[in-house]
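Reading through the structure tokens given below for one structure.
Remember, it's 1-based here, ligands and their atoms both numbered in the order they're listed.
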Amino acid sequence: MAKFCLGRRSATLFSRCSPSSTLLPPPCLKQHPRFLQTSIANDQSVVPSFAFAFDIDGVLLRSSKPLPQAHRTLSYLQTHRIPFILLTNGGGKSEQERVDQLSQLLDVSLDTSMFVQSHTPFAELANGTGKVNLKDKCILVVGGAADRCRRIAEGYGFTNVVTPSDIITAYPAIWPFVYLDHHGPFARPLVPSVVSNQQSSGHPTPKVDAIMVFNEPRDWALDIQLIIDLLLSIGGHLGTLSTKNGDSNLPNQGYLQDGQPELYFSNPDLLWAASYHLPRLGQGGFQAALEGVFNAITGGPANNVHLHRNLFGKPTHATFAFAENRLSQHRTALQGSDAGKLKSVYMVGDNPESDIRGANEYRSPVGSRWDSVLVRSGVYRGGKPAYEPKVIVQDVWDAVRYGLGKEGVNVDEMAD
Ligand code: G3P
Ligand code: MG
């Protein structure tokens with residue numbers, strides 16, 4: 001593999017460098033940083049055939065504080081026109097809001113073309129490009145602060161969104177232990193198109209077609225009650241109970257056999273690196289709690305009953321494929337024309353279960369090689385990780401040095 005360093009006309013070097021290249025005596029870098037920047041900026045020729053995908057929590061940020069090497073790493077890549085995207089299981093804000101916040105926190109200019117959060121792929125379920133089209137279906141959006149996730153869902157194009165706050169405010173008896181004041185300010189009246197009269201309930205109830213968990217739920221108890229009610233209902237009519245439940249003549253012992261709503265999760269993380277010194281429960285913790293209650297009611301796997309769900313977020317293939325697509329589009333945008341084949345992607349993450357497993361198991365339909373790089377600045381703190389990364393490094397700067405080294409860049413020039 002040709003060894004070269006990032007000097008004059010570096011962009012073109014990515015694809016055409018050879019050991020005999022006499023263009024760039026390495027020491028020039030340190031002496032002419034200004035020269036370096038201008039030459040790359042002016043050289044619109046070729047973006048490299050490799051790129052980076054960065055996790056956020058535990059890699060670039062710890063809660064909302066930038067980690068030491070974050071700014072330096074991203075601005076270094078931008079200076080050298082090396083494409084990267086941010087790929088997080090976080091969410092709960094619109095992509096634009098989050099990118100504006102991150103640009104400020106990390107002091108680098110980012111935009112939504114280089115950003116994928118847990119629920120970003122849900123947008124494809126509203127614009128008909130996904131496997132199903134839920135655009136005008138009644139969806140129960142769960143999770144996040146206040147009614148932010150409702151507004152995100154409507155921003156994606158979903159036209160019929162209800163939230164647990166809407167339902168509990170309309171039917172307070174549905175969960176006797178609720179703090180209504182918490183939900184009232186964010187509740188909207190249920191519109192007639194959502195509510196239908198069901199004989200069995202004897203009063204108008206919402207009919208829900210899909211349940212989408214956008215972000216970490218804030219009121220686990222209420223959300224679990226409502227989701228369980230819908231999964232045991234007749235066709236998603238809240239307040240009804242399917243007579244098929246428990247019927248052993250039916251598949252899944254009759255559970256989820258009566259047109260109940262599909263269940264979508266955007267992030268499987270059981271644990272994540274927040275500001276507390278120990279990892280905290282994430283949306284995956286909520287999923288486990290919900291499944292625990294569902295299994296307690298139905299008998300669960302021991303009774304051949306399984307909770308059917310649609311999973312998004314790292315490590316799922318759906319999210320990595322979505323991210324790869326976004327990375328390819330971003331490379332083309334950076335290049336201004338066809339950027340050529342994306343040969344390798346370095347996935348830098350702190351969570352073996354999501355970042356590392358996802359990159360290891362992802363089989364790119366365009367043949368890109370995804371290498372997993374595990375950092376010690378977040379969830380992972382040492383020992384044998386559950387999923388083996390290509391390499392374990394201290395932090396995001398070392399991760400980029402590793403990737404550039406793999407691509408033949410002389411990283412000795414890159415100060416530690
Ligand atoms: O809720 C966020 C958490 O699950 C992890 O986020 O950026 O480490 O993928 P991130
Ligand atoms: Mg992380």
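- Residues satisfying the side chain to side chain donor-acceptor pair (under 3.5 Å) criterion with Q329, sequence neighbours excluded, are absent altogether.
- Ring pair F294/Y255 is perpendicular by interplanar angle, where above 60° counts as perpendicular and below 30° as parallel.
- Looking at E95 and R326, no side-chain N of the basic residue comes within less than 4.0 Å of a carboxylate O on the acidic one, giving no salt bridge.
- Note on D355 versus K314: salt bridge recorded, some NZ/NE/NH1/NH2 to OD/OE distance being below 4.0 Å.
- Here the protein contributes D55 OD2, D57 O, D350 OD1 as N, O or S atoms under 2.8 Å from the Mg ion (ligand 2).
- Between F122 and F214, the gap from one ring centroid to the other is short of 6.0 Å.
- Heavy atoms from other residues, nucleotides or ligands lying under 6.0 Å from NZ of K341 number more than 12.
- The aromatic rings of Y402 and Y346 stand perpendicular to each other, their planes meeting at an angle above 60°, with 30° marking the opposite boundary.
- Near ligand 1, residues D55, I56, D57, T88, N89, G90, E216, N267, D269, W272, K314, D350 each place a heavy atom inside the 4.0 Å sphere around the ligand atoms.
- Between Y76 and H80, the ring-plane angle classifies as tilted under the 30° and 60° cut-offs.
- Listed by chain and residue number, nothing satisfies the side chain to side chain donor-acceptor pair (under 3.5 Å) test with Q253 (two or more places apart in sequence, or in another chain).
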